[in-house]
Amino acid sequence: MPTANPSSPRLPVVFIPHGGGPWPFVELGLPKAEVQALATYLGQVGQRLATPPRALLVISAHWEAPVPTVMTSAAPPLLYDYGGFPPEAYRITWPAPGHPGLAARVRELLSGAGFSTAEDSERGYDHGTFIPLKLTYPEADIPCVQLSLKQGLDPAEHLAMGRALAPLRDEGVFIIGSGMTFHNLRAFGDPRVHDISAKFDAWVQDAATSPSDERDAKLTQWTQAPYARLVHPHEEHLLPLMVVAGAAGADRGTTAWSGSMMGARISGFQFG
């Protein structure tokens, strides 16, 4: 795995909303303006970097493990971890190579910070990775590794994971947290969702764009946000933001995109 290169700028870190299921590639009856707006943003995420990354590290909401776990396959398959969609949803391709060297480096950094870690040589990219990144990097030519969340979903632990991974930013690795600032499947489509999600999303935007100490303190106490448990009955879609915020260090966040999905307000963030 490449080490820090003084001539290369430090890469930013981002938290992206990955939408629902195979939404941009299969007709699901979603509002076309919503689909186009989010797809356009995701298509531009890589273009905002000053230099192309050497590899991608993705923390997806769709993988939890007892300890932080990395994919080690050199050619990961796709994990179609959704159901009830048309046949074409299961024919989507995104053949990005894996990067066993990066996987080992991730374990090294996390172990150095006191985390027990594991690896998985068989797991494939889940839809929190291959759906948004098929828009961001459609050529699938940049090596990619997925890192799991840690079961228990403790926000302070995930901030600490991110801090441990921060050196990767100087090694050409683009760290991407993939989740959603709103994720209550039963509430999508409810007319009350717009106002409820807007209040929570405004809180998240304020937290993510605060100075780092204040940001991390707020994210650690995210359940105190307006409608927190209604917006996230189970917080796995918010936890990738904690990892990204930890990796951001002192870099202050900006709201890179804000829009809606099925009436719910959602946002994406960039740090650095």
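Numbering starts at 1 and runs along the sequence shown.
Note on residues 29-41: pairs passing salt bridge (charged side-chain N to carboxylate O under 4.0 Å, His left out), not counting sequence neighbours, are Glu27-Lys32.
Not a single donor-acceptor pair under 3.5 Å links the side chain of Thr136 to the backbone N or O of Val45. Here the side chain of His158 pairs a donor or acceptor atom with the backbone of Lys150 at under 3.5 angstrom.
For Tyr41, the ring-ring contact (aromatic ring centres under 6.0 Å, His included) partners two or more places apart in sequence, or in a different chain, are Trp257. Among residues two or more places apart in sequence or in another chain, the side-chain contact (heavy atoms from CB on, under 4.5 Å) test is passed with Pro24 by Ile131, Leu135.
Using bins of under 30°, 30° to 60° and over 60° for the plane-to-plane angle, the ring pair His237/His183 lands in the parallel bin. Ring geometry, Phe85 versus Tyr82: the interplanar angle exceeds 60°, so the pair is classed perpendicular (tilted spans 30 to 60°).
Under the 4.5 Å side-chain heavy-atom criterion for grouping Ile, Leu, Val, Met, Phe, Trp and Tyr, Leu49 is connected to Val244 within one hydrophobic cluster. With hydrophobic clusters built from ILVMFWY side chains whose heavy atoms lie under 4.5 angstrom apart, Leu79 does not share a cluster with Tyr125.
Within 6.0 Å of the NE2 atom in His234, the count of heavy atoms belonging to other residues, nucleotides or ligands exceeds 12.
Taking CG from Leu133 and CD1 from Ile142, the interatomic distance works out to 9.5 Å, rounded to the nearest 0.5 Å. Remark: Arg91 CZ to Glu88 CD distance equals 6.0 Å, nearest 0.5 Å.
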| task | Report the C-alpha separation of Lys218 and Asp206 in whole Å, then their side-chain angles, then the decisive distance to 0.1 Å, and conclude whether the salt bridge (Lys or Arg N to Asp or Glu O under 4.0 Å) test is met. | result | CA-CA 9 Å; Lys218 288 179 177 179; Asp206 176 70; 2.6 Å; yes
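Both tests do not hold together for Lys199 against Tyr227: distance to the six-membered ring centre under 6.0 Å, angle to the ring axis within 45°.
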